[in-house]
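Nothing fancy with the numbering, it's 1 onward along the sequence. Since we're looking at a predicted model, the values are computed, not measured.
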Amino acid sequence: MPPSCHLTTAVYRHFVEANHLGEVIARAAGRATADDPAAQAWASKAIGALIAQGEMPREVAEAMGDAYQQLGGGDLHVAMRSSATAEDLPDLSFAGQSG
C-alpha cells in the first residue's frame, strides 16, 4: 500500500465549527427531501459553496502541510478520496460516487 494520510470526521466538524456553518448546512440540507432530486442538487451545491468559502483553521492547515511533507512534499502529486462514515458496507461501497 502506498504512503497515505487521512482527515477524520473530527477535522470536518472542527472546520464547520470554526466557520460557523453547522446551522446553515443543516438548513440547506433540511430543504432537500428523498423524493426531490432538484432540491438535493440545490442543497449539495449550496453546502459545497459554503465549504469552499470557509477558512481552513490554522492548526488543520499546518497538520495537512506536515502530512504532505511526510509523504514526500515538494512537487509530489497526491490523490484525494472522499469516504462516508458508513462506507464500504458488506454489499455497498460509496467511494468515488458523485452527483
Heavy atoms only: give me the nearest Ala43-Ala28 pair and the separation to one decimal.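 For Ala43 versus Ala28, the nearest heavy atoms are CB-O, 3.3 Å.
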
Which atom of Phe15 lies closest to which atom of Gly54, heavy atoms considered: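 That closest heavy-atom pairing would be CZ-CA, 3.8 Å.
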
In Å and rounded to the nearest 0.5 Å, what is the CG to NE2 distance from Leu7 to His14?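 NE2 of His14 is found 12.0 Å from CG of Leu7.
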
Passing option when Arg13 is tested against Thr9, Val16, Val11 for side chain to side chain contact (heavy atoms under 4.5 Å, CB included):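 That would be Thr9; it is the only one of Thr9, Val16, Val11 passing the side chain to side chain contact (heavy atoms under 4.5 Å, CB included) with Arg13.
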
Heavy-atom distance under 4.5 Å between the side chains of Val60 and Met64, does that happen here?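 Result yes, sub-4.5 Å side-chain heavy-atom pair found.
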
Distance-only donor-acceptor hits, side chain of residues 67-76, under 3.5 Å, sequence neighbours excluded:
residue: Tyr68; atom: OH; partner: Gly74; partner atom: O; Å: 3.2
residue: Tyr68; atom: OH; partner: Leu76; partner atom: N; Å: 3.3
residue: Tyr68; atom: OH; partner: Leu76; partner atom: O; Å: 2.6

Who pairs with Glu62 by salt bridge (charged side-chain N to carboxylate O under 4.0 Å, His left out), at least two apart in sequence or on another chain?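 Expected list: Arg58.
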
Please, which pairs that meet side chain to side chain donor-acceptor pair (under 3.5 Å) have at least one residue in residues 18-35, sequence neighbours excluded?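 Applying side chain to side chain donor-acceptor pair (under 3.5 Å) to every pair that reaches into residues 18-35, excluding sequence neighbours, yields Thr33-Asp35.
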
Side-chain heavy atoms under 4.5 angstrom apart, residues restricted to Ile, Leu, Val, Met, Phe, Trp, Tyr: same cluster for Val78 and Met56?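 Shared cluster, no.
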
One pair to check against side-chain contact (heavy atoms from CB on, under 4.5 Å): Tyr12 and Ile51. What are the steps and the verdict? CA-CA 10 Å; Tyr12 166 78; Ile51 290 172; 4.2 Å; yes

